[in-house]
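Because only heavy atoms are used, hydrogens play no part in the values below, and waters and symmetry mates are left out as well, while side chains stay in.
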Amino acid sequence: QSQAAGADRDDNRDDDRDDDDASAIPSTAPSTAPSVGAPSRGAATAEDLSTIIKAASTVAEGNPTSIDSKRDGHWDVEFTDAAGRETDVRVAVDGTATVFSTDSDTDDSIPFGVLDDATLDAIVSSALAQHDGRIVEIDIDDDTSSPYDVTIVRADGVTVELELGADFAILATDLDD
């Protein structure tokens, strides 16, 4: 088990580790979404994730390439444009989207794909077929052999990090309890 793989990757974002409010999907999510104070954070379905990304896309340009659930219930969604510029959007529990960071540096590699509905469906189906839980993070990177990184929190509290291939097959699993 890799301790480094489970490390918090939010080096330039708010530190939310001390916030005990476990989760919520923005109110723009389907009515089956958990409410504020639910015992778990993250999303149970691709539809929930899609709703959050759609809320974020109202204030950002580019394609969604990352979505990350925070302990206080908000979500951070990253958008990357064709030139490689990144915009980070925070989606609050009530569904309000706000840009909180932009990176106009175009020397970053452009991710392999985008988090559209079909990709979300395939990622969530593959990940949750192997590990029952809630999706708390999905990242797309520029690695064409394993472009999708997915983090799940299981009901027992174990964090599972998965690497998925371009065909959405699971290539690597790392448990971090």
Side-chain angles (χ1 to χ4, degrees), residues 4-16 23 25-26 28-29 41-43 45-128 134-153 159-172 174:
D8 185 13
R9 289 183 259 174
D10 287 338
D11 54 352
N12 66 345
R13 298 186 180 145
D14 292 345
D15 182 359
D16 60 3
S23 100
I25 303 294
T28 56
R41 70 177 189 145
T45 68
E47 182 181 352
D48 290 343
L49 294 167
S50 180
T51 299
I52 295 159
I53 290 171
K54 285 179 176 122
S57 70
T58 63
V59 297
E61 294 183 20
N63 293 311
T65 55
S66 176
I67 184 167
D68 187 8
S69 170
K70 300 301 180 178
R71 293 185 194 277
D72 69 354
H74 78 265
W75 290 80
D76 291 345
V77 182
E78 183 177 272
F79 291 82
T80 306
D81 70 13
R85 293 181 294 260
E86 298 171 350
T87 301
D88 293 309
V89 177
R90 178 153 298 137
V91 179
V93 173
D94 67 1
T96 305
T98 308
V99 172
F100 73 90
S101 174
T102 57
D103 179 6
S104 59
D105 190 7
T106 60
D107 65 351
D108 293 335
S109 298
I110 296 174
F112 174 75
V114 301
L115 293 175
D116 58 20
D117 288 344
T119 301
L120 287 169
D121 284 339
I123 289 171
V124 170
S125 293
S126 180
L128 294 182
R134 300 179 65 80
I135 305 287
V136 294
E137 183 175 8
I138 299 175
D139 289 310
I140 300 177
D141 57 38
D142 63 345
D143 179 356
T144 58
S145 63
S146 62
Y148 306 109
D149 298 320
V150 182
T151 305
I152 297 170
V153 174
T159 300
V160 181
E161 295 185 5
L162 305 170
E163 289 182 21
L164 277 66
D167 62 354
F168 307 106
I170 296 175
L171 303 175
D174 183 30

Undergrad: Tell me the salt bridge (charged side-chain N to carboxylate O under 4.0 Å, His left out) pairs involving residues 53-63, sequence neighbours left out?
TA: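 Matches after skipping sequence neighbours: Lys54-Asp117.
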
Undergrad: Between atom CD of Glu163 and atom CG of Asp149, what is the distance when rounded to the nearest 0.5 Å?
TA: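 The distance works out to 5.5 Å.
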
Undergrad: Mind listing the closest non-hydrogen atom pair of Leu164 and Leu171 along with its distance?
TA: C-CD1, 4.0 Å

Undergrad: For a side-chain contact (heavy atoms from CB on, under 4.5 Å) with Val136, tell me which candidate from Val150, Val160, Thr151 qualifies.
TA: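 Of Val150, Val160, Thr151, side-chain contact (heavy atoms from CB on, under 4.5 Å) with Val136 is met by Thr151 alone.
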
Undergrad: Yes or no on side chain to side chain contact (heavy atoms under 4.5 Å, CB included) for Phe100 and Val89, after CA distance, side-chain angles and deciding distance?
TA: CA-CA 6 Å; Phe100 73 90; Val89 177; 5.6 Å; no

Undergrad: Looking at every non-hydrogen atom in both residues, tell me the closest pair between Phe79 and Ala60 and how far apart they are.
TA: CD1-CB, 3.6 Å

Undergrad: Would you say Ile135 and Leu128 make side-chain contact, with heavy atoms under 4.5 Å?
TA: yes

Undergrad: With heavy-atom distances below 4.5 Å as the criterion, would you say the side chains of Arg134 and Val153 are in contact?
TA: no

Undergrad: With a 4.5 Å heavy-atom cut-off, do Leu120 and Ile53 have their side chains touching?
TA: yes

Undergrad: For Gly113 and Ile140, which heavy atoms make the closest approach, and how far apart are they?
TA: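 The answer is N-CG2, 3.5 Å.
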
Undergrad: Taking Arg41 for the side chain and Ser69 for the main chain, is one N or O donor matched with an acceptor at less than 3.5 Å?
TA: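 It does hold such a pair.
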
Undergrad: Could you report the tightest heavy-atom contact between Ala97 and Ala56, atom names first, then the distance?
TA: CB-CA, 3.9 Å

Undergrad: Any donor and acceptor pair, going by atom type alone, linking the side chain of Ser126 with main-chain N or O of Phe168 inside 3.5 Å?
TA: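 At least one qualifying donor-acceptor pair exists.
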
Undergrad: Working to the nearest 0.5 angstrom, can you tell me the gap between Ile170 CD1 and Ser146 OG?
TA: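 So the CD1 of Ile170 and the OG of Ser146 are separated by 12.5 Å.
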
Undergrad: Let me confirm one number: the OG1-CG distance from Thr65 to Leu115, rounded to the nearest 0.5 Å.
TA: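 Output value for this atom pair is 7.0 Å.
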
Undergrad: Would you check if the side chain of Ser125 reaches a backbone N or O of Asp121 as a donor-acceptor pair within less than 3.5 Å?
TA: yes

Undergrad: Tell me the closest heavy-atom pair linking Thr144 and Pro147, and the distance in Å.
TA: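 Reported closest heavy-atom pair: O-CD, 3.7 Å.
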
Undergrad: Testing the 3.5 Å rule here: is there a donor-acceptor pair between the side chains of Asp48 and Thr51?
TA: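 There is no such pair between these side chains.
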
Undergrad: Identify the heavy atoms of Ile67 and Val77 that sit nearest to each other, and give their distance.
TA: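 Nearest heavy atoms, Ile67 then Val77: CG1-CG2, 4.0 Å.
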
Undergrad: Between OG of Ser66 and CG of Asp88, what distance do you get to the nearest 0.5 Å?
TA: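 Answer for the OG-CG pair, Ser66 versus Asp88, is 8.0 Å.
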
Undergrad: Do Trp75 and Asp68 come within less than 4.5 Å of each other through their side chains, counting heavy atoms only?
TA: no

